Participant: 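Take a look at this one; I'll ask things after.
Chain A is the first sequence line, chain B the second, and so forth, proteins listed ahead of strands; every chain is numbered from 1. Keep in mind the model is a prediction, meaning the values are calculated, not measured.
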2 protein chains.
Amino acid sequence: MSTLRARQKQERQDRIVGSAKALFKKVGFDRTTIESIADAAGVSSVTVHNYYGTKSGVLLALVNESDSLLIEKLEASLPTADIELLELTLMFARQIMDHAIATLEKNIWRQVVAAVTSDAGSQLSMAYRKLDQQLADVLVRRIESAQRAGTLQPQIDALHLGRALFQLQNARFIQFISFDGMTQDEIELRLRNDLTALFAVGIGGSTQ
Amino acid sequence: MSTLRARQKQERQDRIVGSAKALFKKVGFDRTTIESIADAAGVSSVTVHNYYGTKSGVLLALVNESDSLLIEKLEASLPTADIELLELTLMFARQIMDHAIATLEKNIWRQVVAAVTSDAGSQLSMAYRKLDQQLADVLVRRIESAQRAGTLQPQIDALHLGRALFQLQNARFIQFISFDGMTQDEIELRLRNDLTALFAVGIGGSTQ
DNA sequence: CAAAAATTTTAGTTGAATAAAAAATTTTTT
DNA sequence: AAAAAATTTTTTATTCAACTAAAATTTTTG
């Protein structure tokens with residue numbers, strides 16, 4: 001029951017992450033210094049480094065937390081059956097964008113993506129990727145359930161389809177956060193166009 | 001005809017970009033300092049800053065150059081007609097990966113992606129995105145020509161299909177560079193699975 | 001050769017990151 | 001409960017490199 005010390009550690013970490021979030025939102029990532037985070041959290045800057053290694057480390061820790069919530073929310077709110085594949089995917093995308101915007105500014109999300117890419121391999125990057133995979137799994141399971149419900153042909157490969165749809169959605173999400181002027185509606189339209197065009201390919205069968 | 005000065009400027013820039021490339025390949029991005037680039041190029045570090053602003057700036061300049069070549073190469077080598085959509089896309093993806101690996105290490109590509117994402121909005125980021133769009137256009141044109149050749153149903157929306165395929169390919173490309181252990185074959189397989197699953201959706205028509 | 005333009009030098013700021021010793025706190029032992 | 005041991009945090013100090021500003025110098029042009 002080594003817990004008093006552990007609890008305090010947890011509290012300290014919570015304070016750090018909380019202060020970081022507030023500062024990121026207030027003055028942006030670049031202009032937030034590790035020292036300002038440390039000050040706001042009532043710890044020393046060395047402690048921040050000890051826990052999270054780098055400034056990006058703090059950011060990723062913060063995002064990992066909030067993304068775990070997103071998965072639960074998605075799991076709960078995404079309709080289970082009786083929905084078109086295209087609509088399902090769009091709904092999925094919309095919820096992710098909603099969540100992202102509710103959590104942090106686009107600008108900060110760009111830093112998240114950059115950090116995950118730039119130091120792929122770090123603990124926190126890998127945690128982030130794992131969450132992505134869980135998101136993809138949500139989609140896969142909905143596809144399977146649509147197949148059971150008869151809304152979608154059963155011979156389709158649900159796993160690969162779900163992953164492909166996730167990749168596409170994710171690519172568009174990154175586009176969404178990459179431009180301040182890009183609206184959710186515009187991204188939704190693009191994703192819709194993507195899917196419509198792709199789904200149209202199979203329709204005619206081989207022309208040969 | 002203000003050209004002597006302009007020529008020297010160009011030469012200086014070439015030297016900077018060349019030295020940077022050599023250093024990035026040799027010791028990696030992080031351990032290359034702007035001063036070492038400047039030294040190798042025979043200019044002062046301030047000059048490097050003046051031209052490219054940041055270290056990432058130099059990197060993006062370098063990549064923009066080499067990617068222009070890629071587009072030409074693709075345009076020349078990608079078969080014009082008489083090819084399946086799936087094979088076309090895979091070939092496209094393969095050439096991009098080949099080019100990427102021939103140019104820089106995965107590690108450096110990660111920095112490229114990070115830089116483009118992190119300061120979206122900078123000149124060089126936007127140039128990079130423009131090149132991406134040109135890449136997508138190559139795909140679109142091949143699709144149109146496949147339609148003219150009768151290999152693909154003419155009623156399909158070539159523009160949106162091409163863009164969707166590019167997005168998917170790009171997502172998989174980023175996955176490719178994100179892990180040192182990820183092979184081209186593995187990525188090709190994933191992309192093939194993506195496409196097969198997506199194209200299968202249309203086949204049955206509506207079940208409703 | 002003088003004017004104009006660009007580069008380099010000089011000098012300084014900033015903040016991330018790290019190391020090692022000191023201080024504080026918690027746990028364990030007596 | 002007090003002392004000792006163990007662990008964590010903070011202090012202190014330093015390094016490193018990106019980036020910037022302004023003056024000095026060089027180069028080009030007319």
Participant: Looking at residues at least two apart in the chain, or sitting in another chain, which of them share a salt bridge (charged side-chain N to carboxylate O under 4.0 Å, His left out) with B/R163?
Facilitator: none
Participant: Roughly, in whole Å, what's the span from CZ in B/R12 to P in D/dT28?
Facilitator: 8 Å
Participant: Please identify each residue that fulfils salt bridge (charged side-chain N to carboxylate O under 4.0 Å, His left out) with B/E144, with sequence neighbours left out.
Facilitator: none
Participant: Residues two or more places apart in sequence or in another chain: which of them pass side-chain hydrogen bond (donor to acceptor under 3.5 Å, both in side chains) with B/Q175?
Facilitator: B/R172, B/R190
Participant: Which residues pass the salt bridge (charged side-chain N to carboxylate O under 4.0 Å, His left out) test with B/R148, not counting sequence neighbours?
Facilitator: none
Participant: Pull out every residue in residues 107-120 of chain B that has a heavy atom closer than 4.0 Å to any atom of DNA chain D, ordered by number, or say none.
Facilitator: none
Participant: Kindly write out the residues that satisfy side-chain hydrogen bond (donor to acceptor under 3.5 Å, both in side chains) with A/N50, not counting sequence neighbours, or none if the list is empty.
Facilitator: none
Participant: Starting at atom CD1 of B/I16, determine the distance to atom P of C/dT7, rounded to an integer number of angstrom.
Facilitator: 9 Å
Participant: On the ring face of A/F176, is A/K106 found with NZ or CZ under 6.0 Å from the centre and within 45° of the axis?
Facilitator: yes
Participant: Can you list the residues that meet the salt bridge (charged side-chain N to carboxylate O under 4.0 Å, His left out) rule with B/E11, with sequence neighbours excluded?
Facilitator: none
Participant: Measure the distance from CG on B/N50 to C1' on C/dA6 and round it to the nearest whole Å.
Facilitator: 9 Å
Participant: Can you check each nucleotide of nucleotides 9-22 of chain C against protein heavy atoms at under 4.0 Å and return B for base, S for sugar-phosphate only, - for none, in 5' to 3' order?
Facilitator: BB----SSBBB---
Participant: Just call it for B/Y51: base, sugar-phosphate, or nothing, with non-hydrogen atoms closer than 4.0 Å on any strand.
Facilitator: sugar-phosphate
Participant: From CG of A/D39 over to C1' of D/dT9, roughly how many Å is that when rounded to an integer?
Facilitator: 15 Å
Participant: Would you list the pairs meeting ring pair (Phe, Tyr, Trp, His ring centres under 6.0 Å) in which at least one residue belongs to residues 11-41 of chain A, sequence neighbours left out?
Facilitator: A/F24-A/F29
Participant: Tell me the interatomic distance from B/K9, atom NZ, to C/dA5, atom P, rounded to whole angstroms.
Facilitator: 12 Å
